[in-house]
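Everything below concerns the one structure shown next.
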There are 2 protein chains.
Amino acid sequence: MRIAELSRRSEVPVPTIKFYLRTELLFPGERTSHNQAQYTEAHVRRLKVIRALIEVGGLSIAATREVLEKMYAPGMSAVDSAGKAQFAMVTQRPVIEDETWERAVKETDALLDRLGWQVRATNPARQSLASAIATLYRLGQTPQLKLLDDYAKVARQAAEAELAHLAGETDPDAFVESAVIWTALGDVIFSALRRAAQEDIVTRFTSPQE
Amino acid sequence: MRIAELSRRSEVPVPTIKFYLRTELLFPGERTSHNQAQYTEAHVRRLKVIRALIEVGGLSIAATREVLEKMYAPGMSAVDSAGKAQFAMVTQRPVIEDETWERAVKETDALLDRLGWQVRATNPARQSLASAIATLYRLGQTPQLKLLDDYAKVARQAAEAELAHLAGETDPDAFVESAVIWTALGDVIFSALRRAAQEDIVTRFTSPQE
DNA sequence: CGATAACAGATAGTTCTACTATCCATTATC
DNA sequence: GATAATGGATAGTAGAACTATCTGTTATCG
């Protein structure tokens with residue numbers, strides 16, 4: 001198909017597709033002549049994934065590009081690709097290395113240790129967690145161990161549920177794609193469900209009439 | 001204190017503080033003369049909360065302003081203020097009302113119904129959830145009921161754990177502030193823990209040696 | 001008291017992100 | 001053969017979140 005149809009099918013404007021091609025977010029079509037290229041179903045699909053990650057998942061273009069690179073990197077097992085893509089999804093922010101930060105890192109290490117989780121030092125989730133904990137400290141909100149432990153237990157259940165869901169996927173490419181999509185959208189879904197649950201709990205608490 | 005000290009104490013540059021004052025993100029200091037104003041501990045505190053919501057929580061300035069407005073609105077119960085602030089934290093995106101969207105809304109309603117949760121129609125979490133589910137549909141990822149139900153159960157546990165934590169707070173202002181901070185940072189913490197759990201599970205699965 | 005520094009407020013400028021728009025020389029298509 | 005579409009290059013735009021500069025005071029310190 002040509003670019004106009006690709007645009008129609010993917011609901012992405014032509015100039016935006018060109019922009020994605022320029023910035024290597026989308027792989028090029030097969031050239032048939034000096035000013036013609038053929039696009040395929042794979043392009044449509046890729047554009048849909050890109051839009052989902054950006055619009056719904058809230059990823060930046062840079063993060064999305066990295067995720068896609070890792071996702072479809074050849075010569076890696078599905079699990080490794082998914083893992084690498086996972087890493088690219090975490091927004092890294094520069095860290096202020098003060099006393100609070102040190103404390104938060106220790107707290108993070110202790111938590112993961114206590115849980116017995118095997119999480120590499122390179123996993124950006126560690127840093128992300130530490131910076132949230134550091135922020136709680138700075139705001140005088142002592143992050144109670146119990147609450148963190150509860151959160152962790154619950155997070156593990158969520159991860160188990162979604163990995164069980166993914167286990168049904170036999171095709172490696174489909175597995176990686178599903179894993180990435182679920183990681184990105186899972187955050188959104190979970191966040192929404194948490195807020196919904198909060199309202200329900202508060203409602204029951206203030207006007208108990210079960 | 002004067003603005004230089006406020007800047008030092010809050011670690012926010014003076015021009016940024018001025019910008020926050022201009023845009024009413026930060027309430028003004030008490031004027032003592034034509035070009036002097038006094039700032040208080042409350043200003044320091046507020047700036048720290050603002051930076052936490054923006055930098056760690058990832059809120060936009062507009063969302064942050066709304067959250068703060070609702071948070072400290074007078075004449076409301078702590079629970080109501082926290083609820084309103086909660087609503088302002090969800091990023092609303094324009095919705096494409098196609099067939100997929102309709103289906104996702106039905107799915108969302110059915111889910112909340114099945115769970116028996118009391119969630120108002122105005123809660124933006126509904127829309128957020130529906131748009132994530134619609135995206136899954138569009139990507140051909142059938143959102144299995146079981147997984148959504150599992151997620152919901154887990155989200156409820158997280159919400160219960162954090163509300164139990166908040167229940168200890170007797171001062172209404174402190175309650176609202178804690179609620180807002182935990183809602184914003186909870187997303188980050190949970191997301192990080194989920195990714196950490198994913199790595200642990202995958203590690204155990206591919207090289208089981210407990 | 002006077003020099004220097006700090007201040008509030010106004011206005012303008014900057015950087016980054018994520019697109020949009022325009023143009024041109026081809027190439028398709030009717 | 002006229003019209004439309006295309007790929008690629010270049011430039012422009014809109015919004016967000018600051019950052020800088022300027023002006024006319026007001027503090028403060030020696």
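Order of the sequence lines sets the chain letters (A, B, ...), proteins ahead of strands, with each chain counted from 1.
Ion pairing of B/E24 with B/R65 is absent here, as no side-chain N (NZ or NE/NH1/NH2) approaches a carboxylate O to less than 4.0 Å. Salt-bridge formation is detected for the pair B/R195/A/D187: a Lys NZ or Arg NE/NH1/NH2 atom is positioned less than 4.0 Å from an Asp or Glu carboxylate oxygen. A salt bridge links B/R156 with B/E160: the distance from a Lys NZ or Arg NE/NH1/NH2 to an Asp or Glu carboxylate oxygen falls below 4.0 Å.
Side-chain proximity of B/I3 to C/dG9, D/dG7, C/dC7: nearest is C/dC7.
OP1 or OP2 of D/dT19 lies within a sub-4.0 Å distance of a side-chain N or O belonging to B/T16. The shortest distance between the side-chain N/O atoms of A/R31 and the OP1/OP2 oxygens of D/dG8 is below 4.0 Å.
The nearest whole Å value for the distance from the CD1 atom in A/I50 to the C1' atom in C/dC19 is 14 Å. B/Q38 places its CD atom 15 Å from the P atom of D/dT26, with the value rounded to the nearest Å. Here C/dC19 presents its P atom at 12 Å from CZ of A/R65, a figure rounded to the nearest Å. The distance between atom CZ of A/F27 and atom P of D/dG7, rounded to the nearest whole Å, is 14 Å. Regarding A/K18, its NZ atom lies at a distance of 10 Å from the C1' atom of D/dA9, rounded to whole Å. The distance between atom CG of A/L25 and atom P of C/dC19, rounded to the nearest whole Å, is 9 Å. When the C1' atom of D/dA27 is taken as reference, atom CD of B/E5 falls 15 Å away, rounded to whole Å. Separating the CD1 atom of B/I17 from the C1' atom of C/dA6 is a distance of 14 Å, rounded to the nearest angstrom.
Between the CD1 atom in A/I3 and the CG atom in A/L21 there is a gap of 6.0 Å [rounded to 0.5 Å].
B/R103 forms a cation-pi arrangement with B/Y137, by the criterion of a distance under 6.0 Å to the ring centre and an angle within 45° of the ring axis.
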Could you pull out the protein-nucleic contacts involving nucleotides 15-18 of chain C (nitrogen or oxygen on both sides, under 3.5 Å)?
unit_1 : atom_1 : unit_2 : atom_2 : d
C/dA18 : OP1    : A/I61  : N      : 3.4
C/dA18 : OP2    : A/I61  : N      : 3.4

Show the distances under 3.5 angstrom between N or O atoms of the protein and N or O atoms of nucleotides 28-30 of chain C.
unit_1 : atom_1 : unit_2 : atom_2 : d
C/dA28 : OP1    : A/S33  : OG     : 3.0
C/dA28 : O3'    : A/R2   : NH1    : 3.2
C/dT29 : OP1    : A/R2   : NH1    : 3.4

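In the interface, the side chain of A/R22 is paired with the base of C/dT20 through a donor and an acceptor atom under 3.5 Å apart.
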Subject >> Verdict with reasoning, A/Q118 to B/T203, per side chain to side chain donor-acceptor pair (under 3.5 Å) >> reply: CA-CA 7 Å; A/Q118 294 174 34; B/T203 307; 5.1 Å; no
Original post:
Between B/I61 and B/I50, does a side-chain contact (heavy atoms from CB on, under 4.5 Å) hold up when you go through it step by step?
Top reply: CA-CA 9 Å; B/I61 285 204; B/I50 289 171; over 6 Å; no
**OP:** Test side-chain contact (heavy atoms from CB on, under 4.5 Å) on B/M89 and B/E66 and set out the steps.
**Re:** CA-CA 8 Å; B/M89 248 178 280; B/E66 245 192 283; over 6 Å; no
Show me, pair by pair, the donor-acceptor contacts under 3.5 angstrom made by side chains of residues 68-81 of chain B, not counting sequence neighbours?
unit_1 : atom_1 : unit_2 : atom_2 : d
B/Y72  : OH     : B/E177 : OE2    : 2.9
B/S77  : OG     : B/D80  : N      : 3.1
B/S81  : OG     : B/S77  : O      : 3.1

